[in-house]
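In this chain, numbering begins with 1 at the start of the sequence shown.
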Amino acid sequence: MKIKILLFTVVILGVIGLGLYSFLSQENFRIVTIDINPSAQLVLNKDDKVVDVISLNEEADIVLAGLELENLIVAEAIDKFIDSATLTGYIDEYSEENVVLVTAKAETEEERENLEKRILDNINERVNEVGLSMLVLTRGVTEDIVAGAEVYGINNGKMLLIERAISLNDSLIKEELVEMSIREIQSEIKTVRDQRIE
């Protein structure tokens, strides 16, 4: 009797697992990670609507408190997240050091790129609308970037920018770049690019 019950349970769990896999595949879920530190993930369905919100740290818990993002179009959800991050002090409306990182996961590379571009365009439109100074970056946040940011006490976005500057000009010194503003690091990158073009 126990063996029959066990076999029945295994079969039921298998059917549920296959059904869930089929459901997820049909719905074509995508994941968008917004990293300002606070960091959160938005799970989207095929219509770009948020079906789940995942807080990735305590800062995000604070920003997401009271926010109802589910069932919103991703652009609206991100607008609300940025507004809340500003209200709670994680985005400084008077600073030029604000950085937001966006990473998308999708079924195909083309779909991922399109999704990231739409989100970047939306964020840039939003920050211009409310008068924020913010650098928006995509992808590239590795474990080394996160570890480096922790060592120097800076956010992931600034660390990523520093690594990009050094990759373009290896004579730059990381410790000196850490002390620079975002605009100054961008200026270093622009100088190298201009030199290459010339």
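In this structure, the separation between CZ on F29 and NZ on K46 is 10.0 Å, given to the nearest 0.5 Å. Separation of atoms CD1 (I123) and CG (L135) is listed at 11.0 Å; rounding is to 0.5 Å. Atoms CD1 and CD1, from I91 and I82 in turn, are 5.5 Å apart once rounded to the nearest 0.5 Å. Distance CG/L168 to NZ/K190: 13.5 Å, rounded to 0.5 Å. Remark: Q186 CD to M180 CE distance equals 12.5 Å, nearest 0.5 Å. To the nearest 0.5 Å, the span separating CD1 on I119 from CG on N114 amounts to 11.0 Å.
The salt bridge (Lys or Arg N to Asp or Glu O under 4.0 Å) search around E109 returns R112, not counting sequence neighbours. In this view, K105 satisfies the side chain to side chain donor-acceptor pair (under 3.5 Å) rule with no residue, not counting sequence neighbours. Partners of E163 by side chain to side chain donor-acceptor pair (under 3.5 Å), not counting sequence neighbours, listed by chain and number: K174. Looking at residues two or more places apart in sequence or on another chain, you find no side chain to side chain donor-acceptor pair (under 3.5 Å) involving E110. With sequence neighbours left out, the salt bridge (Lys or Arg N to Asp or Glu O under 4.0 Å) criterion links D79 to no other residue. Considering only residues two or more places apart in sequence or on other chains, S39 meets the side chain to side chain contact (heavy atoms under 4.5 Å, CB included) condition with D35, L56, N57. A search for side chain to side chain contact (heavy atoms under 4.5 Å, CB included) contacts involving L120 returns V102, V136, T138, not counting sequence neighbours. In terms of the side chain to side chain contact (heavy atoms under 4.5 Å, CB included) criterion, N128 has no residue partners (sequence neighbours excluded). Listed by chain and number, the residues in a side chain to side chain donor-acceptor pair (under 3.5 Å) with T108 amount to none (sequence neighbours excluded).
Minimum interatomic distance between V63 and A85 (heavy atoms only, all atoms of both residues): CG1-N, 3.8 Å. When all heavy atoms of K158 and L177 are compared, the closest pair comes out as CE-O, 4.2 Å. Residues G157 and L137 come closest through the heavy atom pair O-CD1, 3.6 Å. Across R30 and N45, no two heavy atoms sit closer than the pair NH2-O, 2.9 Å. The heavy-atom pair separating A165 from I185 by the smallest distance is CB-CG2, 4.1 Å. Heavy atoms only, all atoms of each residue included: S133 and S95 are closest at CB-O, 3.6 Å.
The stretch residues 177-186 participates, sequence neighbours left out, in these salt bridge (charged side-chain N to carboxylate O under 4.0 Å, His left out) pairs: E96-R183. Residues in residues 120-131 take part in these salt bridge (charged side-chain N to carboxylate O under 4.0 Å, His left out) pairs, two or more places apart or across chains: D83-R126, K117-D121, R126-E129.
A donor-acceptor pair under 3.5 Å links the side-chain atoms of N98 to the main chain of D92, judged by distance alone. Side-chain N or O atoms of E116 include one that pairs as donor or acceptor with a backbone N or O of A104 at under 3.5 Å.
Between I62 and Y90 there is a side-chain heavy-atom pair separated by less than 4.5 Å. Annotation: side chain of L44 is in contact with side chain of V50 (closest heavy-atom distance under 4.5 Å). Under the 4.5 Å side-chain criterion, counting only non-hydrogen atoms from C-beta, L115 is in contact with D48. No side-chain heavy atom of I162 sits less than 4.5 Å from a side-chain heavy atom of Y152. Residues E150 and V146 form a side-chain contact, since some pair of their non-hydrogen atoms from C-beta on lies under 4.5 Å apart.
In the hydrophobic clustering of this structure, L87 does not group with L67; members are Ile, Leu, Val, Met, Phe, Trp, Tyr whose side-chain heavy atoms approach within less than 4.5 Å, directly or through other members.
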Please test L132 against T86 for side chain to side chain contact (heavy atoms under 4.5 Å, CB included), starting from the C-alpha separation and ending with a verdict.
CA-CA 9 Å; L132 287 174; T86 305; 4.0 Å; yes
Pair I36, F81 - check side chain to side chain contact (heavy atoms under 4.5 Å, CB included), show working.
CA-CA 10 Å; I36 307 169; F81 187 81; 3.9 Å; yes
Would you give me the side-chain donor-acceptor pairs under 3.5 Å for residues 70-78, sequence neighbours excluded?
none

